[in-house]
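When a ligand or atom number is given, it counts from 1 through the structure's own listing order.
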Amino acid sequence: CIDLSTLYKDTGHFTFDPGFGATASTKSAITYIDGDQGVLLYRGYPIEQLAEKSSFLEVAYLLLHGELPKKDEFAAFEHQITHHTMMHESLKNFFQGFHHDAHPMAMLAAAVASLSAFYHDDLNVDDPEDRKLAAIRLIAKMPTIAAACYRYSIGWPFRYPRNNLEYVSRFLHMMFEVPSEPLQLNPVAAKALDLLFILHADHEQNASTSTVRLVGSTGANPYASIAAGITALWGPAHGGANEAVLKMLEEIGTPDQVEKAVLRAKDKNDNFRLMGFGHRVYKNFDPRAKIIREMTHKVLGELGVNDPLLEVAVKLEEAALKDDYFVERKLYPNVDFYSGIIYKALNIPTEMFTVMFAIARTAGWIAHWIEQHETPGSRIGRPRQLYVGSGVRDYVPADKR
Ligand code: ACO
């Protein structure tokens, strides 16, 4: 019989780190986070500066190439993105197989995985040009596929991408255009969505990015790798939190119910958590949450939206920040706490919130996938385990058990 206590003695250096709280799985030059100070940099640029001065497509270029683009470089990048926005006509057939009330994240993951069935034969993951093309295709097609997920779910015909529009406006047009009505694009909505996309574009080795890298480490097709990232993002502890926050705020309903919610969140016999609170890395304010909080008031004001849930959210934040339980555990609002209120003001349905996140994070995911393939000596990701099961035992025939 194996003595389990001796099992891991001769394996050299071996760490047990559930949830990878203290383990760096890779080196990366893309994004820097200082969780204690609440600092987030993309390629060295503070998120606050990018949020104020840049655009999502420029940030996507920065994440992919490591430098901000010169004017002609940006024009060429935008041109390439614009010319890859269409999804293959056959891909439309995939949607017909989904039940009418399928969650858009389920459809998105499946549709993006199916891109690997369209772009595979001539794709060489070791060729930098092929990798670049995969990145362009993904960033370009993601809004088209995302809008198709929404329109399928409400039974509307898909819209083709209008390539004379900019990235975010093109997406809003595909989402919301009603054939019988003249196209009306709200510049405030486009600007707000672009800003949210910047804030969500990358966040180093979170669960979904690590998933993309793990799948990518096997040499898998990039579209399959990104589809795996989408499924990881969907969970409520990760990107699904934005949808969960809004449902929680609706459930709380009114500011006078906030105290009860805080009490529930502290009760260890209750599974209820304050969604949009806490972060593995930030033990200080999430800098993205600060930007979004400010922006929420501004956007709702500019759009003339008076959402009572904003008052509930503000009260909840105030109550939690004063409460010892949250203070001791350094639980602050994260990026998802206020983003849902903005999405709601932009008429984006709750089930589409995590899809919005996925469109933006695609830039980060594919930048990491490229970095991984550019790094000499990259190895397959292969975590170990501590075995705690039975020692060796003999098979017992069914009639003797
Ligand atoms: N509400 C109440 N208590 C919480 C919360 C919360 N939102 N988050 C953490 N805690 C408590 C835990 O119960 C635990 O308490 P204990 O020490 O008494 O056992 C302590 O704080 C530490 O929590 P962990 O779960 O160990 O922290 P971890 O780093 O593993 O999890 C996570 C981080 C998943 C973000 C967590 O804070 C959470 O579930 N938050 C709510 C979901 C959410 O907003 N997710 C989005 C994260 S941002 C993003 O992915 C885009």
Please write down residue, atom name and distance for the protein heavy atom closest to atom 14 (C) of ligand 1. Lys268 NZ, 4.0 Å
Close approach, Ala244 and ligand 1, non-hydrogen under 4.0 angstrom: no
For Pro236, the ligand 1 atoms with a heavy-atom partner under 4.0 Å come out as 42 (C), 45 (N)
Below 4.0 angstrom from a heavy atom of Gly276, which ligand 1 atoms are there? Numbered from 1 as shown, please. 43 (C), 44 (O)
Basic-acidic side-chain contact under 4.0 Å: Glu243, Lys247: yes
Can you list the ligand 1 atoms lying under 4.0 Å from a non-hydrogen atom of Ala241? 43 (C), 44 (O), 45 (N), 46 (C)
So which of Tyr343, Phe56, Phe357 actually passes ring-ring contact (aromatic ring centres under 6.0 Å, His included) with Phe197? Phe56
Output yes when a protein non-hydrogen atom is found under 4.0 Å of atom 26 (O) of ligand 1, and no otherwise. no
Non-hydrogen atom of His203 closer than 4.0 Å to ligand 1: no
Please lay out, stage by stage, how Tyr223 and Phe118 fare under the test ring-ring contact (aromatic ring centres under 6.0 Å, His included). CA-CA 10 Å; Tyr223 307 99; Phe118 291 94; 9.6 Å; no
If we number the atoms of ligand 1 from 1 as shown, the ones under 4.0 Å from a heavy atom of Ala265 are 2 (C)
Suppose I only count heavy atoms of Phe357 and a 4.0 Å limit; which atoms of ligand 1 are within that range? 51 (C)
Atom 4 (C) of ligand 1 sits nearest the protein heavy atom Leu331 CD1, 3.5 Å
Which residue owns the protein heavy atom closest to atom 7 (N) of ligand 1, what's the atom, and how far is it? Leu274 O, 2.7 Å
With a 4.5 Å heavy-atom cut-off, do Glu250 and Val312 have their side chains touching? no
Counting both backbone and side chain atoms, is some N or O of Arg280 under 3.5 Å from an N or O of ligand 1? yes
Is atom 32 (C) of ligand 1 in close reach of the protein, with a heavy atom under 4.0 Å away? no
Protein contact of atom 12 (C) of ligand 1 - nearest heavy atom, named by residue and atom, plus distance: Arg273 NH2, 3.3 Å
Using a strict threshold of under 4.0 Å (side-chain N to carboxylate O), is an ion pair present between Arg288 and Asp286? yes
Please examine the side chains of Leu195 and Ile342, heavy atoms only from C-beta on, and report whether any two atoms are closer than 4.5 Å. no
Does the N or O separation between Phe277 and ligand 1 drop below 3.5 Å for any pair? yes
Identify the protein heavy atom lying closest to atom 35 (C) of ligand 1, giving its residue, its atom name and the separation to 0.1 Å. Gly278 O, 3.6 Å
Assess, by modelled atom type and distance only, whether the side chains of Asn242 and Ser339 contain a donor and an acceptor separated by less than 3.5 Å. no
After noting the C-alpha distance and the side-chain angles of Ser28 and Glu204, does the key distance pass the side chain to side chain donor-acceptor pair (under 3.5 Å) rule? CA-CA 8 Å; Ser28 177; Glu204 54 120 296; over 6 Å; no
Asp336 versus ligand 1: do any nitrogen or oxygen atoms come within less than 3.5 Å of each other? no
Side chain to side chain, Thr82 and Arg170, heavy atoms closer than 4.5 Å: yes
Looking at atom 48 (S) of ligand 1, is any protein heavy atom nearer than 4.0 Å to it? yes
Just need the protein heavy atom nearest to atom 3 (N) of ligand 1, so name the residue and atom and give the distance. Tyr325 OH, 2.9 Å
Arg401 to Tyr395 six-membered ring, cation-pi geometry met (6.0 Å, 45°): yes
How close do Tyr119 and Lys141 get, counting heavy atoms only, and between which atoms? OH-CE, 3.2 Å
Quick test: of every protein heavy atom, which one is nearest to atom 21 (O) of ligand 1, and how far off is it to 0.1 Å? Arg329 CD, 3.4 Å
Is there a donor-acceptor pair under 3.5 Å between the side chain of Ser210 and the backbone N or O of Ala207? no
Asn334, any N or O under 3.5 Å of ligand 1 N or O: yes
The closest protein heavy-atom partner of atom 42 (C) of ligand 1 is Met275 CE, 3.5 Å
Please check whether Ala237 reaches ligand 1 - meaning an N/O of the residue sits under 3.5 Å from an N/O of the ligand, judged on distance alone. yes
Any side-chain heavy-atom pair of Arg213 and Gln205 under 4.5 Å: yes
Looking at Leu263, Val262, Leu331, which hits side chain to side chain contact (heavy atoms under 4.5 Å, CB included) with Asp323? Val262
